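Worksheet: the structure to be examined is printed underneath.
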Amino acid sequence: MLALIDCNSFYASCERVFQPKLNGKPVVVLSNNDGMVIAKSNEAKALGLDIGLPYFQIKDELKKHNVAVFSSNYTLYGDFSQRVVATLRELTSDIEIYSIDEVFADLKGFAHKDPLAYGHEMRDTVKKWTGIPVSVGIAPSKALTKVANKLAKKGPGVVVLDTPEKIEQALIGFPIEDIWGIGHQRAKMLKALGINTAKQLRDMPDLWIRKKMTITGLRLVHELRGIPCIPLEMQPEPKQQIICSRSFGYFITEQKDMEQAMTYYASRAAERMRDQGLVTSDIMVFFETSRFNGPFYAPSKVMNLHRETNYTPDIVSATLAATRQIFRKGYRYRKGGIMLLGLSSAKERQYDLLSLRNEVQQESLMKALDGVNKKYGANSLFFAAAGIRKEWQMMRQMKSPHYTTNWQELPRCN
DNA sequence: TCTGGGGTCCTAGGACCC
DNA sequence: TCTGGGGTCCTAGGACCC
């Protein structure tokens with residue numbers, strides 16, 4: 001049996017821990033530039049407020065209903081998330097951290113316990129130790145724990161689906177669009193074919209599912225039948241890509257400002273990369289004009305750090321070079337960012353570099369080291385594992401006119 | 001010049017998740 | 001005036017090789 005422990009209205013609950021007077025009151029949390037709603041309490045939901053609504057459109061209504069409004073504070077939510085995980089680890093060691101507010105747990109070591117009672121124990125302990133209310137769904141597969149959890153959120157707090165009868169009963173009335181893995185497009189397609197409930201989907205033939213919904217859909221359907229196909233991942237896999245992007249909050253029209261913004265993203269992404277012990281081979285730089293204002297312009301450039309440059313530059317230099325290449329005067333840019341691709345472990349990469357046999361490669365590596373060293377000082381090459389710490393120092397000390405740790409303090413350009 | 005199967009690698013794009 | 005910021009997996013199609 002598996003359990004899914006999911007925090008209720010997570011961001012709103014975090015804010016409420018410090019302001020208990022908001023319990024029972026509507027609360028919403030806003031995205032980065034206070035752009036839109038990204039979390040809401042049940043009371044806010046009852047007022048018809050939902051995720052995705054632009055703040056400027058509902059500002060007056062929020063005031064009218066006395067809704068508590070918060071700007072997002074990810075540091076706080078991350079901290080609470082860790083506390084919830086730490087609490088659950090006290091109860092069971094086999095867990096997968098699925099998202100900032102969800103944890104899967106393997107209950108196979110607890111077969112002697114009544115699952116319902118154990119679910120309540122988890123729920124009560126988390127609430128007591130962290131102040132965060134959670135719901136618990138218990139079932140044989142991940143997809144079914146998702147179903148159980150959704151039902152638990154409607155009131156009981158804990159729902160156990162451990163017999164074919166209970167599962168059947170749960171799936172009969174379960175709307176297709178609420179299934180984990182069925183999004184907007186699939187729900188539309190299935191409904192058009194007369195499939196409206198989880199039970200109907202579960203009972204479709206394998207070949208049909210495979211054809212209409214690919215292998216992912218087939219896995220999902222098997223999960224609904226109680227056959228686990230999506231394993232618990234207790235050791236997180238290393239990241240395949242790292243993205244750092246933001247909406248600007250105002251329009252960027254000058255290349256200089258774009259370079260400053262991109263420099264900021266590049267250093268943040270590189271910082272995260274180093275924290276995870278990774279190095280990168282490609283950087284994608286992208287920015288776009290407003291998509292809510294007619295057609296939008298979304299240039300992007302992928303730079304391979306070996307192929308496209310004569311030397312291996314640091315992430316910031318490569319980002320700046322790409323930015324200059326795709327920036328177009330005359331556009332009003334609204335959003336931008338960078339993505340690190342082709343990530344691999346710094347350790348492995350170090351062996352790679354040491355084992356370069358090809359003379360041309362070795363020569364270009366030497367040239368790279370030389371070029372970057374002249375520019376930024378010894379060992380600042382980010383790509384060699386040995387240079388990673390140096391690069392970090394370089395970022396701090398760099399006197400580049402494009403470098404700022406807080407580009408958002410830049411004067412508005414229009 | 002035409003014919004052909006099969007394999008791998010890469011990329012773009014779609015769909016989904018929180 | 002003002003509309004989030006992360007991620008993953010899968011497929012199709014093209015290039016290239018034997």
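Keep in mind that this is a model prediction, so the values were computed, not measured. A, B, ... follow the sequence lines: proteins, then strands. Residue 1 opens every chain.
- When distances are taken from the side chain of F251(A) to each of dC2(C), dT3(C), dG6(C), the shortest belongs to dC2(C).
- Across the protein-nucleic acid pair, M36(A) atom CE and dG6(C) atom C1' stand 12 Å apart, rounded to whole Å.
- Ranked by how close their nearest DNA chain C nucleotide is to the 5' end, F292(A) and S245(A) are led by F292(A).
- K59(A) comes within contact range of no nucleotide atom at all, as no heavy-atom separation falls under 4.0 Å.
- Although no hydrogens or angles enter the test, the distance criterion places a donor-acceptor pair under 3.5 Å between the side chain of E223(A) and the main chain of K142(A).
- The shortest distance between the side-chain N/O atoms of R210(A) and the OP1/OP2 oxygens of dT11(C) is below 4.0 Å.
- At whole-Å resolution of the value, NZ in K142(A) and C1' in dC18(B) are 14 Å apart.
- Relative to the side chain of R186(A), the nucleotides dC16(B), dG6(C), dG5(C) differ in distance, and dC16(B) lies closest.
- Residue W180(A) and nucleotide dC17(B) are not classified as a stacked aromatic pair, given the requirement of ring centres less than 5.5 Å apart at an interplanar angle below 30°.
- Because its NZ or CZ atom is both nearer than 6.0 Å to the ring centre of F80(A) and within 45° of the ring axis, R83(A) counts as a cation-pi partner of that residue.
- No engagement by D34(A) is indicated, since no non-hydrogen atom pair under 4.0 Å with the nucleic acid exists.
- No engagement by I230(A) is indicated, since no non-hydrogen atom pair under 4.0 Å with the nucleic acid exists.
- When heavy atoms are screened at a 4.0 angstrom cut-off, R291(A) is found touching no nucleic acid atom at all.
- In this entry the distance linking CD of Q57(A) with P of dT1(C) reads 13 Å, nearest Å.
- dG5(C) atom P lies 11 Å from atom OH of Y264(A), rounded to whole Å.
- The residue I100(A) sits apart from the nucleic acid: no heavy atom pair falls under 4.0 Å.
- Of all nucleotides listed (dG4(C), dC18(B), dT8(C)), dC18(B) comes nearest to the side chain of Y98(A).
- Contact between the side-chain N/O atoms of K146(A) and the OP1/OP2 oxygens of dC18(B) is found at a separation under 4.0 Å.
- Between R334(A) and dT3(C), a side-chain N or O to OP1/OP2 separation shorter than 4.0 Å is present.
- Comparing atom distances between the R219(A) side chain and each of dC16(B), dC2(C), dC10(C) picks out dC10(C) as nearest.
- If you measure from atom CE of M189(A) to atom P of dA15(B), you get 10 Å, rounded to the nearest angstrom.
- A straight line from NZ of K212(A) to P of dT11(C) spans 16 Å, rounded to a whole angstrom.
- At least one side-chain nitrogen or oxygen of S247(A) sits closer than 4.0 Å to the OP1 or OP2 atom of dG4(C).
- In this structure, R16(A) pairs ionically with E43(A), as a charged nitrogen and a carboxylate oxygen lie closer than 4.0 Å.
- Residue Y55(A) is classed as having no contact, given no heavy-atom separation below 4.0 Å to the nucleic acid.
- In this structure, the CD atom of Q185(A) is 11 Å from the P atom of dC17(B), given to the nearest Å.
- In this structure, D162(A) pairs ionically with K166(A), as a charged nitrogen and a carboxylate oxygen lie closer than 4.0 Å.
- Taking atom CD1 of I215(A) as the reference point, atom P of dC16(B) lies 17 Å away to the nearest angstrom.
- The pair R210(A)-D206(A) does not count as a salt bridge, with every side-chain nitrogen at least 4.0 angstrom from each carboxylate oxygen.
- Within the nucleic acid shown, I182(A) comes within 4.0 Å of sugar-phosphate atoms alone, with no base atom in reach, counting heavy atoms only.
- For R332(A), no side-chain nitrogen or oxygen approaches OP1 or OP2 of dT1(C) to under 4.0 Å.
- With dC18(B), dT11(C), dT3(C) as the choices, the nucleotide that has an atom nearest any side-chain atom of T214(A) turns out to be dT11(C).
- With distances taken from any side-chain atom of K239(A) to the nucleotides dG4(C), dG7(C), dC18(B), the minimum falls on dG7(C).
- In this structure, Q241(A) reaches the bases: a heavy-atom distance under 4.0 Å links it to at least one base atom across the strands shown.
- Ring pair Y98(A)/F104(A) is perpendicular by interplanar angle, where above 60° counts as perpendicular and below 30° as parallel.
- Within the shown strands, dT8(C) is the pairing partner of dA15(B) under the Watson-Crick or G-U definition, both distances less than 3.5 Å.
- Comparing Y11(A) and I242(A) against DNA chain C, the residue whose closest nucleotide sits nearer the 5' end is Y11(A).
- Look at the P atom in both dC17(B) and dT3(C): the space between them is 25 Å, to the nearest Å.
- Here F251(A) and Y331(A) keep their ring centres 6.0 angstrom or further from each other.
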